[in-house]
2 protein chains.
Amino acid sequence: MKRYKDLAPPPRTIMTPGPVEVDPRVLRAMSYPILGQFDPAFTDLMNETMEMLRELFVTGNQWCYPVDGTSRSGLEAVLVSLIEPGDRVLVPIYGRFGHLLTEIAERCGAEVITIEAEWGTVFDPQQVIDAIRQYRPALVAMVHGETSTGCMQPLREIGHYCREMDVLFVVDAVATIGGVPVYADKWQIDAVMGGTQKCLSVPAGMAPLTYNDRVERKLLARKSIERGLRTASEFQPAAISGHSRIASNYLDLAQLQDYWSPARLNHHTEATSMLYALREGLRILLEEGLEARFARHAENGAAIVAGVRGMGLQLFGNDQARLPVVTCIEIPPGIDGESVRSMLLEDFGIEIASSFGPLKGRIWRIGSMGYSSSRKNVLHVLGALEATLLRHGFKLPAGEGVQAALDVYARKEEVTC
Amino acid sequence: MKRYKDLAPPPRTIMTPGPVEVDPRVLRAMSYPILGQFDPAFTDLMNETMEMLRELFVTGNQWCYPVDGTSRSGLEAVLVSLIEPGDRVLVPIYGRFGHLLTEIAERCGAEVITIEAEWGTVFDPQQVIDAIRQYRPALVAMVHGETSTGCMQPLREIGHYCREMDVLFVVDAVATIGGVPVYADKWQIDAVMGGTQKCLSVPAGMAPLTYNDRVERKLLARKSIERGLRTASEFQPAAISGHSRIASNYLDLAQLQDYWSPARLNHHTEATSMLYALREGLRILLEEGLEARFARHAENGAAIVAGVRGMGLQLFGNDQARLPVVTCIEIPPGIDGESVRSMLLEDFGIEIASSFGPLKGRIWRIGSMGYSSSRKNVLHVLGALEATLLRHGFKLPAGEGVQAALDVYARKEEVTC
């Protein structure tokens with residue numbers, strides 16, 4: 001029999017746009033013994049997690065809970081539960097994850113209409129409003145922070161217009177939740193989908209989301225009780241007049257909310273250890289405070305931008321649209337981007353990312369999210385990138401990258417003093 | 001701000017049909033720092049997990065990997081990836097989870113034909129073969145071990161007939177994998193879906209599965225590259241001639257296998273800590289050995305059966321069809337089943353289960369799976385059940401349940417000596 005070695009992951013400084021380093025408190029939480037899913041000690045933890053998610057999403061919504069899957073399971077859960085075949089859906093695309101929303105909506109049978117902004121820019125909200133006026137969609141799906149391009153879309157005006165026009169507005173906040181302000185209620189977003197492995201700094205495997213009563217009404221109209229759970233009197237399938245059945249069982253939010261409700265109607269078996277992790281990650285976030293956390297992410301993002309510019313590199317993307325938690329850098333002509341990434345990993349133990357589609361091989365992406373968003377990590381990655389670029393023959397003003405980042409931190413301290 | 005307490009799950013002896021107790025080695029694995037999903041140190045762990053899954057499923061299949069979701073995500077992934085709208089699917093039902101397969105297949109747009117066996121029994125394989133001959137389905141989906149009724153369906157003859165007739169045969173082995181023999185190749189099963197939180201004793205949150213080249217051919221015919229990942233030349237959607245697109249993105253096995261292949265085409269972000277857990281659970285399983293593990297589960301199951309009978313309780317279900325890892329017990333007349341379960345939990349720290357649908361309130365279910373399947377746990381639950389029943393006024397021959405179980409273990413030792 002082949003022997004498989006003891007787990008021994010090498011130490012890494014993870015500066016990608018996710019997954020990022022996990023707070024040791026969260027890792028410790030996952031090492032606790034599990035509980036049965038209907039054990040009152042466990043359902044209490046589920047309820048506490050829902051409460052904390054309300055603070056994360058800054059919402060009064062009743063429904064705030066995770067789907068048991070990675071981030072895109074939450075995107076698909078919302079879209080497949082809301083979209084009926086033939087529904088018109090508008091997706092404004094400004095990067096890879098807008099294409100993902102399009103792809104999921106298409107598979108739900110939507111008539112998808114897309115508008116596109118060049119990668120590295122975002123939409124003027126008026127462009128989206130004009131498209132809503134022109135196409136009259138039933139639902140608008142949009143990405144808040146595009147990790148593929150390092151851009152962030154302003155949402156408030158679009159949310160207000162959607163509400164005015166009675167259009168459902170659903171937002172992929174996977175990359176921003178917990179690192180950048182996301183206000184579900186204030187921005188009038190009907191459903192917000194988050195992720196764990198980015199600014200929440202919890203391992204991938206859960207997709208926390210929230211939705212309001214506008215969404216719930218739609219879900220209830222499509223709801224059915226699962227075969228095999230119906231009692232004798234319920235055994236006939238519910239008549240769902242005028243609405244099509246939700247095409248997924250696993251991602252059926254109408255059934256998931258019954259599981260997360262006091263009724264606790266059995267659906268899947270809740271992922272215990274991941275729930276422990278999410279709960280602990282949310283405790284850490286609330287202890288730090290949302291505003292302090294956003295400020296930390298903004299400062300570390302600014303330090304990376306200053307440091308990268310300080311060493312003479314060009315940033316990719318529009319300055320006004322910059323997502324503070326992902327910095328995109330043009331790979332200089334003549335430099336092998338993958339060779340730089342390999343050297344960073346092998347010699348410095350640092351992981352940064354490349355990108356997708358049209359940007360593959362054109363940019364590097366440095367994330368600064370959650371537990372990875374620290375002064376220590378920022379200075380480490382800038383110093384290592386400088387050394388690696390020098391080693392690759394790139395001419396740069398040695399020392400200036402790290403100094404520029406230190407200047408950003410020094411300014412902050414002056415303001416604080 | 002409300003203070004949320006430190007995580008402190010109470011100690012529990014979990015004797016349900018899942019989730020069950022987790023080996024401390026697996027809990028420890030989850031406490032290790034994470035790695036990036038494309039870090040070679042991590043992709044090595046992914047590859048090792050695939051190798052070990054081949055041993056678990058006793059198969060030469062190339063494709064053995066987990067879906068990132070709880071068990072039913074694996075069921076849905078296989079069904080939604082294989083079933084095209086209008087396909088005829090046969091589901092022989094003998095408990096709740098047959099209904100679940102039906103429900104999922106219906107949502108995939110299948111023309112579902114069901115045959116039903118009374119809960120507490122299984123099918124004579126010939127009945128299923130006759131139904132296949134009569135209805136000529138494209139696919140047969142069946143549950144191997146029904147935790148809802150404690151019954152296990154023989155599969156070998158059905159598998160051989162399906163192969164002969166060129167029908168796809170997919171099996172839900174969530175409850176049996178790792179505790180009871182499941183032979184993917186020998187039984188000619190085209191796709192087997194397992195779970196982690198039962199006999200593998202890994203927390204819920206992953207759905208390991210395997211499928212053969214008959215399944216892969218079908219997947220490749222329906223495959224498309226994700227929007228936003230296509231390079232310029234691939235940017236037009238692939239023409240999928242004569243086949244419908246897979247209705248889910250998250251559960252699209254054609255895309256998932258690209259992610260698990262050397263191409264590592266980006267899909268979701270692999271759930272790092274859960275993968276650590278699955279890998280460690282599989283290492284433990286292979287160290288114990290499949291045959292020894294099956295023998296341990298059989299012995300502990302036999303001890304529970306003997307113990308339960310020894311205290312004068314009636315078992316539910318057909319003796320010939322008994323699933324060794326879940327023992328179903330008729331709740332005696334006049335006894336409040338939920339009150340017994342509450343007392344077991346609150347006074348003895350033991351969790352046993354109730355059941356679903358027509359069996360709700362009629363039976364208790366005692367699981368003996370994975371790390372929970374131990375002599376210590378069996379004797380503890382029998383002693384506690386006796387004490388609790390006496391406290392509820394049930395007349396029983398005190399002491400005889402535990403003695404009967406000890407007799408089972410003693411017989412085993414005689415054989416071994």
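We name chains A, B, ... by the order of the sequence lines, and we start the count at 1 in each one.
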*Asks:* Specify the closest pair of heavy atoms between Gly205(A) and Ala271(B), including all atoms of both residues, with the distance to one decimal.
*Replies:* CA-CB, 4.0 Å

*Asks:* If I compare all heavy atoms of Thr114(A) with all of Arg227(B), which pair ends up nearest, and what's the gap?
*Replies:* CG2-NH2, 4.4 Å

*Asks:* When rounded to the nearest 0.5 angstrom, what distance separates CD in Glu21(B) from CG in Leu35(A)?
*Replies:* 10.5 Å

*Asks:* Give a yes or no on whether the backbone of Arg107(B) and the side-chain of Arg245(A) come within a donor-acceptor separation of less than 3.5 Å.
*Replies:* no

*Asks:* Would you say Pro40(A) and Leu345(B) make side-chain contact, with heavy atoms under 4.5 Å?
*Replies:* yes

*Asks:* Would you call Arg96(A) and Glu226(B) a salt bridge, using N to O less than 4.0 angstrom?
*Replies:* yes

*Asks:* Which value, rounded to the nearest 0.5 Å, describes the distance between Leu101(A) atom CG and Asn249(B) atom CG?
*Replies:* 10.0 Å

*Asks:* Would you mind telling me which of Leu100(B), Val22(B), Val67(B), Leu282(B) has the largest number of heavy-atom pairs within less than 4.5 Å of chain A?
*Replies:* Leu100(B)

*Asks:* Got Glu103(A) and Gln255(B) here, is their nearest side-chain heavy-atom distance under 4.5 Å?
*Replies:* yes

*Asks:* Who among Phe38(A), Tyr32(A), Phe356(A) has the most heavy-atom pairs with chain B under 4.5 Å?
*Replies:* Tyr32(A)

*Asks:* How many angstroms lie between atom CD of Glu270(A) and atom CD of Gln197(B), to the nearest 0.5 angstrom?
*Replies:* 11.0 Å

*Asks:* How long is the straight-line distance from OG of Ser73(A) back to CG of Leu251(B), given to the nearest 0.5 Å?
*Replies:* 8.5 Å

*Asks:* Minimum heavy-atom separation for Thr269(A) to Pro19(B), with atom names?
*Replies:* CG2-CD, 3.6 Å

*Asks:* Which residues satisfy the salt bridge (charged side-chain N to carboxylate O under 4.0 Å, His left out) test with Asp23(A), sequence neighbours excluded?
*Replies:* none

*Asks:* Can you say whether Val26(A) sits under 4.5 Å from chain B via the side chain, the backbone, both, or neither, judging by heavy atoms?
*Replies:* neither

*Asks:* Quick check for you: to the nearest 0.5 Å, what is the distance between Thr49(A) atom OG1 and Tyr4(B) atom OH?
*Replies:* 9.0 Å

*Asks:* Counting heavy-atom pairs under 4.5 Å with chain A, which one of Asn266(B), Thr16(B), Leu75(B) comes out on top?
*Replies:* Asn266(B)

*Asks:* Any non-hydrogen side-chain atom of Tyr250(A) less than 4.5 Å from a side-chain atom of Ile104(B)?
*Replies:* no

*Asks:* Is the shortest side-chain heavy-atom distance between Asp39(A) and Pro9(B) below 4.5 Å?
*Replies:* no

*Asks:* Which bit of Ser71(A) is near chain B, if near means a heavy-atom gap under 4.5 Å: side chain, backbone, both or neither?
*Replies:* neither

*Asks:* For chain B, which of Ala41(A), Gly36(A), Ala8(A) has the most heavy-atom pairs under 4.5 Å?
*Replies:* Gly36(A)

*Asks:* With a 4.5 Å heavy-atom cut-off, do Ile34(B) and Arg12(A) have their side chains touching?
*Replies:* no

*Asks:* Are any side-chain N or O atoms of Glu280(A) and backbone N or O atoms of Leu7(B), one a donor and one an acceptor, separated by less than 3.5 Å?
*Replies:* no

*Asks:* Which atom names give the shortest non-hydrogen contact between His267(B) and Arg72(A), and what distance separates them?
*Replies:* O-NH2, 2.8 Å

*Asks:* For each of Leu45(A), Leu359(A), Ile14(A), Thr272(A), tally heavy-atom pairs with chain B at distances under 4.5 Å, and name the one with the top tally.
*Replies:* Ile14(A)

*Asks:* Find the one option among Leu275(A), Ile246(A), Val80(A), Ile93(A) whose heavy-atom pairs under 4.5 Å with chain B are most numerous.
*Replies:* Ile246(A)

*Asks:* Flag the one option from Ser355(A), Ser273(A), Ala77(A), Ser248(A) with the top tally of heavy-atom pairs under 4.5 Å to chain B.
*Replies:* Ser248(A)

*Asks:* Contact part of Asp6(B) toward chain A, heavy-atom cut-off under 4.5 Å: side chain, backbone, both or neither?
*Replies:* both

*Asks:* Taking every non-hydrogen pair under 4.5 Å, which of Met206(B), Met52(B), Gln37(B) racks up the most with chain A?
*Replies:* Met52(B)

*Asks:* Counting heavy-atom pairs closer than 4.5 Å to chain B, which one of Glu351(A), Met30(A), Glu76(A), Met274(A) comes out on top?
*Replies:* Glu76(A)

